[in-house]
Amino acid sequence: MIRIATISSSLFRGDVSYVANTKSTMFTAPLLTLLLVLSITESPVKAANSPISVPITRRLNFSNGTYNLVAHDRARLQALRDPSKHGQRLINVPLTTNVFVYSISAQIGNISYNLVLDSGSANTWVGASIPYQPTIASVFTGQPVSVVYDNGFFNGMVYRDTVTVGPGLTVIGQEIGVAKHTAGFPGYDGVLGIGPAALTLGTLKLTPAVPIPTVTDNLFNQQIIPANVLGVFFEPDAGLQRATTGQLTFGGTDPTLYIAGITYTPITNLPPASNFWGIDQSITYGGAPILANTVGIVDSTHLLIAIATDAFQLYQTATGGQHDPVTGLLVITGVQYNALQNLDFHIAGQIFSLTPNAQIWPRALNARIGGQLGLIYLIVRDIGTPIGQGDYDFVNGYVFMQRFYTVFDTTNSYVGFSETAFTAATTN
């Protein structure tokens with residue numbers, strides 16, 4: 001039985017209530033890696049020892065033609081599989097071939113490096129394109145480091161250096177990898193990992209059991225931000241050209257971007273979800289249960305919503321969706337769209353509803369995924385295993401995070417959600 005506890009906090013979140021599930025949850029997720037490009041567009045908001053918000057701009061990137069969403073997400077889950085069951089875990093899918101890529105400019109010395117911003121890994125490294133140049137602050141550690149991604153890798157040596165990821169966000173003595181060999185990162189200089197530090201375990205050759213503190217960890221440890229927390233905001237956008245503004249808040253949340261309080265649920269202690277942002281939830285469709293309370297992850301790198309096979313079959317039957325062999329998605333008619341019901345996610349005693357419009361792929365982007373103009377594609381897919389038989393029973397991906405403000409709270413080991421002004425948007 002689950003007991004729901006409500007805890008008030010004025011910490012750094014402002015007027016926010018905790019709704020903490022006392023049952024251990026599953027999942028510690030990544031934060032931001034889909035084929036978009038993120039850039040800092042203006043000075044962040046900062047007060048003394050307060051959260052620092054960095055605006056980000058999204059740009060769709062379909063430079064390689066059409067994009068298979070389902071194939072991408074399957075590869076992503078392969079990358080996040082449990083190494084105890086499947087052998088070596090790949091840290092991530094190829095970061096630069098996702099549908100949206102977020103990149104951030106990191107300053108080291110006089111050089112600005114264009115780094116992929118990745119919540120699914122935690123190592124920060126440079127040298128894929130622009131070579132690293134040691135600075136007056138550089139310290140060579142003599143420690144070899146390597147990370148294997150799905151379709152890429154890097155290996156090299158670890159340095160400590162001063163790293164700036166935005167105005168007011170400077171870390172002294174950050175451990176960074178300096179690539180000697182790398183593959184799979186054309187157009188980028190490396191990766192800024194903002195996932196949990198546990199994801200760095202095994203990447204250091206001499207001390208594989210020692211984690212590397214992330215940039216966010218050190219921002220907190222050096223008292224630059226008040227808490228080891230990241231607030232993530234995405235604005236849905238169905239347009240092909242319009243840049244949409246998102247926001248990443250280091251050290252807390254931005255109350256202007258969400259409605260009412262944030263519901264928090266504890267991160268699970270069960271692997272492999274505990275290595276990412278793992279939670280417990282159940283799902284209903286139109287009020288009817290389709291997925292019993294179980295474990296999964298929140299992952300912005302995973303584009304769609306994935307649910308266990310038996311739950312997916314119930315969803316398909318309820319919506320009337322038919323499998324489309326070209327896109328791999330379920331396709332429905334206009335009549336069936338008009339009959340769609342809410343898809344409700346039950347988390348820590350609260351309900352987070354995906355409206356009918358939030359359950360479909362943006363119709364203006366159909367051609368980009370190999371779909372047909374005028375058809376309607378659902379964004380829920382089969383995870384590939386029945387309930388309880390896979391590493392995860394669900395993934396709340398990027399399409400979920402577009403509708404709900406998301407908080408990754410390392411300080412208190414929570415994941416949090418709140419509705420935004422775009423939760424019920426009809427932009428798709």
Side-chain angles (χ1 to χ4, degrees), residues 33-38 57-76 93-94 96-102 234-246 285-286 300-307 312-313 315-343 353-384 395-404 420-428:
T33 319
L34 288 48
L35 267 132
L36 295 169
V37 179
L38 127 29
T57 300
R58 187 184 74 177
R59 187 177 73 235
L60 288 171
N61 184 354
F62 292 95
S63 58
N64 295 322
T66 59
Y67 190 85
N68 191 302
L69 302 173
V70 173
H72 164 273
D73 283 357
R74 285 175 178 164
R76 171 64 176 167
V93 295
T96 59
T97 58
N98 300 325
V99 171
F100 309 102
V101 174
Y102 286 96
F234 296 125
E235 177 185 338
D237 180 21
L240 294 174
Q241 303 299 330
R242 186 176 76 86
T244 48
T245 299
Y285 175 79
S300 66
T301 304
H302 190 284
L303 302 176
L304 305 172
I305 291 169
I307 55 178
F312 176 79
Q313 291 169 347
Y315 179 76
Q316 181 177 7
T317 299
T319 60
Q322 298 297 311
H323 178 261
D324 176 59
V326 177
T327 64
L329 301 174
L330 293 179
V331 61
I332 58 175
T333 66
V335 172
Q336 290 169 324
Y337 171 69
N338 290 333
L340 282 182
Q341 304 294 309
N342 283 352
L343 185 65
S353 297
L354 278 189
T355 63
N357 188 263
Q359 294 173 54
I360 67 173
W361 177 252
R363 283 168 279 191
L365 300 179
N366 279 1
R368 300 294 189 170
I369 61 170
Q372 296 183 36
L373 295 178
L375 293 185
I376 302 173
Y377 298 92
L378 298 174
I379 49 79
V380 178
R381 76 171 188 92
D382 183 356
I383 208 168
V395 181
N396 294 355
Y398 174 71
V399 293
F400 180 88
M401 293 178 64
Q402 280 187 316
R403 301 290 177 153
F404 301 102
T420 75
F422 299 96
T423 296
T426 57
T427 52
N428 291 342

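The structure displayed is predicted, hence computed values, not measured ones. For the single chain, residues carry numbers from 1 onward in sequence order.
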Flag the pair [X] / [Y] as yes when at least one side-chain heavy-atom distance between them is below 4.5 Å, and no otherwise.
| X | Y | result |
| --- | --- | --- |
| Thr319 | Val380 | no |
| Ile376 | Arg363 | yes |
| Pro356 | Asn342 | yes |
| Ile360 | Leu378 | yes |
| Tyr377 | Asn428 | no |

| task | Carefully, step by step, assess Phe312 and Leu330 under the rule side chain to side chain contact (heavy atoms under 4.5 Å, CB included). | result | CA-CA 10 Å; Phe312 176 79; Leu330 293 179; 3.6 Å; yes

| said: Under the criterion side chain to side chain contact (heavy atoms under 4.5 Å, CB included), I'd like the reasoning laid out for Asp324 against Leu375: C-alpha separation, chi angles, the key distance, then a yes or no. | reply: CA-CA 11 Å; Asp324 176 59; Leu375 293 185; 5.7 Å; no

| Is there a donor-acceptor contact under 3.5 Å from the side chain of Arg381 to the main chain of Ile307? |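 No: the side chain of Arg381 does not pair with the backbone of Ile307.
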
Distance-minimising heavy-atom pair for [X] and [Y]:
| X | Y | result |
| --- | --- | --- |
| Arg403 | Ala425 | NH1-O, 2.7 Å |
| Gln316 | His323 | NE2-N, 4.2 Å |
| Thr427 | Pro236 | OG1-CB, 3.8 Å |
| Ile369 | Thr327 | O-CG2, 3.4 Å |
| Ile383 | Ala306 | CG1-CB, 3.9 Å |

| Going by distance alone, is a donor N or O of one side chain under 3.5 Å from an acceptor N or O of the other, for Gln359 and Tyr285? |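 Gln359 vs Tyr285: no donor-acceptor pair found between side chains.
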
| request: Could you grab the distance from atom CE of Met401 to atom OG1 of Thr420, nearest 0.5 Å is fine? | output: 12.0 Å

| Could you state the interatomic distance from CD1 (Ile332) to CG (Leu340), rounded to the nearest 0.5 Å? | 4.0 Å

| side chain to side chain contact (heavy atoms under 4.5 Å, CB included) between Leu354 and Phe404, intermediate numbers included | CA-CA 9 Å; Leu354 278 189; Phe404 301 102; 4.0 Å; yes

